[in-house]
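Each chain gets a letter, A, B and so on, in the order its sequence line appears, and its residues count up from 1.
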2 protein chains.
Amino acid sequence: MTSRSPDPLGRRATILDVAAAAGVSRQTVTRAMNGMAGISPATRERVQKLAADLGYSPSRFAKGLVQGARISVGLAIPDLTNPYFPAFASSVVEAATQRHWNVVMDDYGHGTGSSLDAVARLAPQVDALIGYLGEDSDDAQALMGRRPVVVLDYPVSQAAGGISFDYRHAARLALNHLTARGCTNIVYLDSDQGGTAAGRGAAVAAMAAEAGVSPTICHAAPSASAAREAIAVLAAGSNLFDGLLVFNDLMAAGALKALQDSGRSVPGDCAVIGMDGIPLGELVTPELTTLSLNLRTVGRTAVDLLEGLLSGSVPAHSKDASLTLRHELILRQSA
Amino acid sequence: MTSRSPDPLGRRATILDVAAAAGVSRQTVTRAMNGMAGISPATRERVQKLAADLGYSPSRFAKGLVQGARISVGLAIPDLTNPYFPAFASSVVEAATQRHWNVVMDDYGHGTGSSLDAVARLAPQVDALIGYLGEDSDDAQALMGRRPVVVLDYPVSQAAGGISFDYRHAARLALNHLTARGCTNIVYLDSDQGGTAAGRGAAVAAMAAEAGVSPTICHAAPSASAAREAIAVLAAGSNLFDGLLVFNDLMAAGALKALQDSGRSVPGDCAVIGMDGIPLGELVTPELTTLSLNLRTVGRTAVDLLEGLLSGSVPAHSKDASLTLRHELILRQSA
DNA sequence: GGGCTAGACGTGAACGTTCACGGCGCTCGA
DNA sequence: TCGAGCGCCGTGAACGTTCACGTCTAGCCC
């Protein structure tokens, strides 16, 4: 019974160290630590104290190996700095916590990494994946093998499940509102990043054609500052646009600033409509009219779908595995 | 050699299933999957294909058990909905990703849970912890045993390491600025939640006494809407305050809205200063003067410290294990 | 043709837990 | 007095990998 070295600070104490120190067997330590029956109160306490002294904490790997541990799901998002994503992430974390899942988060925006890098990092660590992946969702599914993947905001092909948004509906709501307001010279400020942007841009173009208007399209990086600059440039030109539809609320907030800077009043000179419905919209001045998504619903829906896929009650690639959510027009001050 | 059932969708394929299907041994499968030498290109390819067909992905538990897997750190924050925390989390995730760590996130705000619940969920899953834990940091450390814990914004006692902020310095900057501006009737809008709030409130009180001013203190929940309501009530009263210092930027944004609603101009009638320096401050109107923290620095510092604790190069509870960061006054339009 | 090398592949052991048993000593009742 | 039962505790086996070897075959050179 050679007792191992107590705390070399390079090797963590194992259950055997505790057992040796207490002069009992593994199983008794297990009983003490997990509150199981079949152990006297005295030994239980003694073992617990010893475990604490040795700094013992059970290996999650060994435990997971034998018990088939709790599910952990990867969450891959492009940019925690854009308030849309934490709002979404928050609802995912909430729904996951309720199910006793845990969430491993990866943000592939800060490097210039692609979503695939994030998935590659996440894949060995998780049982399932939820993510805004852009166009890489096929390769992502390949990396995850048979484990379920729920892709947001991009048409599902290989991926097991997906949640997309009815942008034609959203665009129709916005354009109708602007034209009903009397706007005749409409600008659509799009994100300059492919992937998810493509869907929105195409929908706006299609609905504009249907409504008989031909908006000016311009592009900027999906940040407030980039949008601000883009609109500053546009407003400095001769284009006297009177309606502005923006890719998302964050960019819309930047646009609002630029219009203010240029001396144009909102909604007097120009009506502005954002997209997503993040809380930020209520804090800017004027408050932002927006195509709103119920963000709690989006996250919860993604987790619900994932649960279905994991349990097998929703077959991958089936009809039930791809859902479409709709935006709602929330009228505030800016349009 | 009884081959196991191929895909019962309840048991995942193991390396033995793949080996049996390919008619080779475990080790050969390992060689194929991990790109090791000592295997012919033909078998490598055959095994890889078979593995993909069977939906095999290696168990992270078994792998972790034998290899001592990558470090994963828990991140416990009160509320992803408050833009401060995603900004912080973003920099933590970035710094962790660079080190090939992964981040398990938990948000203890949405239930009415305490930070201890989050730590209890996280503890069995991670090797270390970073968190805004409020007053529960002692029990948190107890749950984590000998694994390092970095606590933010709260004085370290039991916890291995901590990062705190020099609120006396921040309060001095703000009050000096307000008084230099000629403000004589100052209000401090505090958070109504204990823990971290206590430090800021006490510092403001102390520095106010030092500066010879006696601000009115009022409280609200740390959200934009609660702050908006609180200031609306205050502004409707007879108190003609001309300076407003706010617990954080989010609440300040709400306060700005309330002042606008009540017809008071900012900074004309009342100067407003926020705290934290989140990007939101540049999007509200007027743009928010704030006591700014470099949020990238905060997250990076926390991860740096954690790395020191993990490697043992920074002893827990030592002088180097607790750091203090300072706010900087960023002048914008609101004060 | 014999020995040596390298390439391709297989086999015990180990990682740290928990599960399913099995065993020991005591008490109690018939 | 002895067997049954119970409280307390210990021991093999298993989970799915990888590591460190060991083995076999083919080919080559002298």
Side-chain angles (χ1 to χ4, degrees), chain A residues 1 3-5 8 10-48 50-51 54-70 123-125 127 145-147, chain B residues 1 3-5 8 10-48 50-51 54-70 123-125 127 145-147:
Chain A
M1 189 185 287
S3 82
R4 314 202 190 183
S5 62
R11 214 186 57 79
R12 266 170 43 178
T14 82
I15 202 174
L16 290 179
D17 297 321
V18 180
V24 297
S25 72
R26 306 183 309 241
Q27 183 63 15
T28 298
V29 178
T30 296
R31 282 189 268 255
M33 301 303 292
N34 299 1
M36 303 163 55
I39 183 177
S40 77
T43 21
R44 158 165 293 143
E45 217 166 311
R46 191 165 53 90
V47 169
Q48 283 175 344
L50 238 27
L54 291 176
Y56 166 71
S57 48
S59 153
R60 66 175 178 281
F61 298 116
K63 209 161 192 162
L65 191 56
V66 62
Q67 285 187 326
R70 74 185 341 179
Q125 313 285 338
D127 305 301
R146 202 138 301 177
R147 292 165 293 172
Chain B
M1 190 183 284
S3 82
R4 314 203 190 181
S5 61
R11 210 186 59 79
R12 266 171 44 175
T14 83
I15 202 174
L16 289 179
D17 297 320
V18 180
V24 297
S25 73
R26 303 183 311 241
Q27 185 61 17
T28 298
V29 177
T30 297
R31 281 190 268 255
M33 301 303 290
N34 297 1
M36 303 163 55
I39 183 177
S40 76
T43 29
R44 159 165 292 144
E45 217 167 309
R46 191 165 53 91
V47 169
Q48 282 175 343
L50 239 28
L54 292 177
Y56 166 71
S57 48
S59 153
R60 66 174 178 281
F61 297 117
K63 208 161 192 163
L65 190 56
V66 62
Q67 285 188 326
R70 73 183 345 176
Q125 313 285 338
D127 305 300
R146 203 138 299 177
R147 293 165 293 172

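In this structure, CD1 of B:I39 is placed 9 Å from P of C:dA8, rounded to the nearest angstrom. Straight-line distance from the CZ atom of B:R31 to the P atom of D:dC21: 15 Å, rounded to whole Å. Look at CG on A:L16: it is 12 Å from P on D:dT11, rounded to the nearest Å. Taking atom CG on A:N34 and atom P on C:dG16, their separation rounds to 17 Å, with Å as the unit. Regarding A:M36, its CE atom lies at a distance of 12 Å from the C1' atom of C:dT17, rounded to whole Å. B:L54 places its CG atom 16 Å from the C1' atom of D:dG16, with the value rounded to the nearest Å.
Counting only heavy atoms from C-beta on, B:S40 has its side chain closest to C:dC9 among D:dC9, C:dT18, C:dC9. Looking at the side chain of B:I15, the nearest of the listed nucleotides C:dG16, C:dG10, D:dT18 is D:dT18. Set against C:dC19, C:dA8, C:dG10, the side chain of A:Q67 has C:dC19 as its closest nucleotide. Comparing atom distances between the B:L65 side chain and each of D:dT17, C:dG16, C:dT17 picks out C:dG16 as nearest. Listed nucleotides C:dT17, C:dC15, C:dG10 differ in distance to A:V66; the shortest reach to its side chain belongs to C:dT17. The side chain of B:T28 sits closest to C:dG10 out of C:dT18, C:dG16, C:dG10.
Residue side chain A:R26 reaches the base of D:dG12 through a donor-acceptor N/O pair under 3.5 Å, judged by distance alone. With hydrogens and angles ignored, no donor-acceptor pair closer than 3.5 Å exists between the side chain of A:R60 and the base of C:dG16.
Two residues, B:F61 and A:T43, neighbour DNA chain D, and the one matched to the more 5' nucleotide by heavy-atom proximity is A:T43.
Contact annotation for A:Q27: base contact, defined as any heavy-atom pair under 4.0 Å involving a base atom.
Here A:R60 pairs with B:D127 in a salt bridge; the nearest charged N to carboxylate O distance falls below 4.0 Å.
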Next on the checklist: Test side-chain contact (heavy atoms from CB on, under 4.5 Å) on B:R46 and B:V24; report intermediate values, then the result.
Outcome noted: CA-CA 11 Å; B:R46 191 165 53 91; B:V24 297; 4.1 Å; yes
